[in-house]
Amino acid sequence: MAVLLSTLATEIVIPVAAVIGIVFSLVQWFIVSRVKVTLERHAPPAGPNSKKNGFNDYLIEEEEGLNDQNVVAKCAEIQNAISEGATSFLFTEYQYVGVFMVVFAILIFLFLGSVEGFSTKSQPCTYDAQRTCKPALATAIFSTVAFVLGGVTSILSGFLGMKIATYANARTTLEARKGVGKAFIVAFRSGAVMGFLLAANAMALFGRVGGGIYTKAADVGADLVGKVERNIPEDDPRNPAVIADNVGDNVGDIAGMGSDLFGSYAESSCAALVVASISSFGINHEFTSMLYPLLISSMGILICLITTLFATDFFEIKAVKEIEPALKKQLIISTVLMTVGIAIISWIALPSSFTIYNFGVQKVVKNWQLFLCVSVGLWAGLIIGFVTEYYTSNTYSPVQDVADSCRTGAATNVIFGLALGYKSVIIPIFAIAVSIFVSFSFAAMYGIAVAALGMLSTIATGLAIDAYGPISDNAGGIAEMAGMSHRIRERTDALDAAGNTTAAIGKGFAIGSAALVSLALFGAFVSRAAISTVDVLTPKVFIGLIVGAMILPWFSAMTMKSVGSAALKMVEEVRRQFNTIPGLMEGTAKPDYATCVKISTDASIKEMIPPGALVILTPLIVGTLFGVETLSGVLAGSLVSGVQVAISASNTGGAWDNAKKYIEAGASEHARTLGPKGSDPHKAAVIGDTIGDPLKDTSGPSLNILIKLMAVESLVFAPFFATHGGLLFKIF
């Protein structure tokens with residue numbers, strides 16, 4: 001049956017949607033750039049909009065008689081220092097990553113080419129022995145080129161995100177002088193630039209691990225010495241680690257998350273396209289139906305564009321309490337509109353009935369069943385996002401209970417935080433399980449792949465919300481370092497507190513989608529390696545299962561210790577400067593920021609290599625020495641273990657962070673009984689926050705990349721492992 005959308009229309013719609021997304025991001029960039037970080041004198045605006053966003057548009061500095069030019073100059077100086085530090089780190093990291101890319105590209109070519117002795121003869125296809133597919137040499141060449149292309153685009157996505165964030169942070173600070181609403185719009189527009197501009201995974205792993213070690217070494221060092229020992233505020237310019245801390249927000253949370261979600265998005269699309277190519281879509285050359293995953297992505301760009309306008313143009317933020325609901329509405333609006341969009345695409349791009357390849361047989365599927373597969377992934381993502389918010393936002397009782405536990409010291413704070421993290425796993429796992437069952441029942445592995453794509457279909461909104469957090473965090477740091485009014489700091493703190501929750505929501509989306517993507521890749525690996533069944537009662541598979549589950553704690557131990565080692569060096573340097581630089585505590589002397597930036601850079605580059613090597617070498621060693629059955633067990637074990645640990649770690653760290661902010665803000669009677677800053681409960685909260693930093697920003701977010709990377713690497717090398725793997729079992 002012919003589909004309503006013609007081949008020509010499909011060829012036009014997909015690139016046009018991408019161009020619209022890029023144009024929209026450039027428009028947002030232009031609007032943000034109109035906030036000048038220069039020494040221009042700002043005249044108080046007049047007219048009917050003078051009380052827009054709930055605040056008068058005059059500058060607080062002018063009201064209080066401060067020198068506006070000095071404030072802007074300081075903001076510009078701090079912004080440049082943060083931008084230079086982030087750029088320097090990424091360039092250093094990318095030099096190491098470049099070497100890895102070259103070496104691994106050679107390995108891919110050699111391993112895949114050697115499957116048939118670098119043969120140039122066409123081979124029988126895996127899915128149909130009666131058909132012929134491209135020779136081993138062609139597979140090796142295409143796979144190598146695809147790896148390099150994926151690596152470069154992943155690097156580019158992270159780098160662009162970092163540049164956008166460092167461009168916007170000072171502008172958000174300056175707009176906070178005119179009201180919280182205007183600051184929110186600048187931060188959110190900047191996040192939207194990243195979301196629509198990006199609209200590979202080995203690179204994401206290095207970005208997440210290296211960036212995570214960098215940011216948490218600086219953060220832990222700054223907090224332990226500055227807040228706990230010296231009792232000075234967060235982001236105080238006297239703290240030598242403060243610039244490194246703000247740099248870390250960009251290289252970890254922005255560049256790392258950008259590469260991570262870009263990788264998930266690309267992999268879910270590729271997994272769906274691979275299965276579609278050996279189903280009736282590919283066999284019958286049904287071009288429009290074949291590109292169904294890309295049409296879903298195109299619709300997602302348009303839906304997210306409309307959703308963004310709700311936050312920046314249709315409704316105004318007039319008070320601090322409206323920030324978090326506005327961000328939640330972004331998720332709800334995009335999900336509801338996307339459900340309608342998926343229905344339209346499924347109606348016009350799919351025949352009423354078709355077949356999907358399912359482990360050697362073709363399964364008959366209806367178009368409404370595929371619509372449900374994508375939709376269940378989409379709504380599971382929303383559920384995971386809301387559950388994450390419930391457990392990490394200080395608006396709700398779980399985080400308030402953690403804050404209350406600080407009355408009796410850091411130990412009870414840690415106990416309550418860990419319990420919260422474990423409990424927060426329950427509903428997301430059920431949501432993922434339901435998604436898997438429904439999507440597999442309807443459309444086998446293709447259903448799971450498009451469910452993952454559904455969860456990520458609103459990625460532009462997700463990235464906008466996620467990038468908003470670090471931008472707001474940086475804005476608060478710049479306000480503190482520039483000596484701006486305490487009222488401005490209160491506004492940026494409100495933006496930052498909401499940003500903490502949105503960052504946790506972003507991590508929830510990343511982890512949930514990683515589980516679905518990894519399962520789809522696992523299915524593709526099993527098919528490509530010609531494994532008929534994965535029987536956990538077989539010794540070969542079971543030993544892989546328990547080893548795969550063990551890889552996650554091993555990896556987490558390495559990343560946690562890396563943060564601890566780097567933080568130790570940072571603490572020693574910060575203490576040295578406070579003890580040896582005369583006038584530093586009094587504010588009459590400037591700290592040596594550059595040394596702290598260098599410590600974080602050097603430590604993160606050095607410490608990211610062992611965890612990265614563990615992840616990359618595990619599939620190669622297991623597949624070569626023990627074979628594809630054991631490797632399938634390793635992949636299953638790492639998937640099942642990784643999702644639980646990743647959700648728990650991210651939510652525990654997020655809860656501890658917001659429990660500290662709950663006490664600091666003192667917004668409720670309960671919070672005021674725990675404060676103020678410097679009180680014993682506050683010090684206990686700072687310790688919990690410090691423990692949680694590597695959990696939520698290094699180990700936790702890296703685990704979802706780990707399970708995806710191991711799955712996709714196994715899939716790439718599956719022909720080699722199937723032909724030459726299992727050397728130990730062959731010998732013994």
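Residue numbers count from 1 along this sequence.
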For the side chain of [X] and the backbone of [Y], is there at least one donor-acceptor N/O pair under 3.5 Å apart?
X: Thr538; Y: Asp535; result: yes
X: Ser439; Y: Cys373; result: no
X: Ser289; Y: Phe281; result: no
X: Ser638; Y: Gly548; result: no
X: Ser702; Y: Thr698; result: yes
X: Thr461; Y: Ser334; result: no
X: Asn704; Y: Pro701; result: yes
X: Ser457; Y: Gly454; result: yes
X: Lys363; Y: Ser441; result: yes
X: Asn658; Y: Thr392; result: yes

Quick one, [X] and [Y] - any side-chain contact, counting heavy atoms below 4.5 Å?
X: Val336; Y: Ile333; value: no
X: Phe522; Y: Ile448; value: no
X: Met608; Y: Tyr214; value: no
X: Ile707; Y: Val643; value: yes
X: Ile551; Y: Met710; value: yes
X: Phe717; Y: Pro619; value: no
X: Ile384; Y: Thr388; value: yes
X: Phe721; Y: Thr630; value: no

task = May I have the step-by-step check of side chain to side chain donor-acceptor pair (under 3.5 Å) for Ser346 and Tyr292, ending in yes or no?
result = CA-CA 8 Å; Ser346 301; Tyr292 176 73; 2.7 Å; yes
What's the shortest heavy-atom distance between [X] and [Y], and which atoms?
X: Cys304; Y: Ala460; value: CB-CB, 3.6 Å
X: Gly654; Y: Lys696; value: N-CD, 3.5 Å
X: Ile14; Y: Ser298; value: CA-OG, 3.5 Å
X: Trp656; Y: Gly692; value: CE3-CA, 3.5 Å
X: Val716; Y: Leu112; value: O-CD2, 3.0 Å
X: Ser435; Y: Leu516; value: CB-CD2, 4.4 Å

[X] [atom1] to [Y] [atom2] distance, which is reported to the nearest 0.5 Å:
X: Leu370; Y: Ile345; atom1: CG; atom2: CD1; answer: 12.0 Å
X: Leu552; Y: Leu639; atom1: CG; atom2: CG; answer: 9.5 Å
X: Leu331; Y: Ile383; atom1: CG; atom2: CD1; answer: 12.5 Å
X: Leu378; Y: Thr335; atom1: CG; atom2: OG1; answer: 5.0 Å
X: Lys561; Y: Ile213; atom1: NZ; atom2: CD1; answer: 12.5 Å
X: Leu635; Y: Leu521; atom1: CG; atom2: CG; answer: 9.5 Å

message = Show me the pairs that pass salt bridge (Lys or Arg N to Asp or Glu O under 4.0 Å) and involve residues 422-434, at least two apart or across chains.
response =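 Listed by first then second residue: nothing to list.
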request  = Assess whether side chain to side chain contact (heavy atoms under 4.5 Å, CB included) is satisfied between Leu620 and Phe104, documenting all intermediate values.
outcome  = CA-CA 11 Å; Leu620 291 177; Phe104 210 73; 4.1 Å; yes
request  = Determine the interplanar angle of the Phe100 and Phe147 rings, folded into 0 to 90°, and report it as parallel if under 30°, tilted if 30 to 60°, perpendicular if over 60°.
outcome  =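 Rings of Phe100 and Phe147: perpendicular, over 60°.
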inquiry  = In terms of relative ring orientation, are Phe720 and Phe111 parallel, tilted or perpendicular, with 30° and 60° separating the classes?
reply    =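 Correct class here is tilted.
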task = Starting from the C-alpha separation in whole Å, work towards a yes-or-no answer on side chain to side chain contact (heavy atoms under 4.5 Å, CB included) for Phe354 and Lys366.
result = CA-CA 7 Å; Phe354 47 91; Lys366 307 288 186 182; over 6 Å; no
request  = Decide side chain to side chain contact (heavy atoms under 4.5 Å, CB included) for Phe525 and Val628; before the verdict, give the C-alpha distance in whole Å, the side-chain angles of both, and the deciding distance to 0.1 Å.
outcome  = CA-CA 9 Å; Phe525 163 76; Val628 289; 4.2 Å; yes
query = Taking only residues at least two apart or on different chains, which pairs with a member in residues 545-560 satisfy side chain to side chain donor-acceptor pair (under 3.5 Å)?
reply =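 Every side chain to side chain donor-acceptor pair (under 3.5 Å) pair that includes a residue of residues 545-560, provided the two are not neighbours, is Thr559-Ser699.
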Enclosure of Phe542 CZ (heavy-atom neighbours >12, cutoff 6.0 Å) =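 12 or below, so no.
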inquiry  = With ring pair (Phe, Tyr, Trp, His ring centres under 6.0 Å) as the rule and sequence neighbours excluded, what pairs involving residues 427-459 come up?
reply    =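 Qualifying pairs, neighbours excluded: Trp368-Phe442.
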query = Would Met338 and Ile296 count as a side chain to side chain contact (heavy atoms under 4.5 Å, CB included) if you check the C-alpha gap in whole Å, the side-chain angles of each, and the deciding distance to 0.1 Å?
reply = CA-CA 9 Å; Met338 193 63 207; Ile296 292 292; 4.0 Å; yes
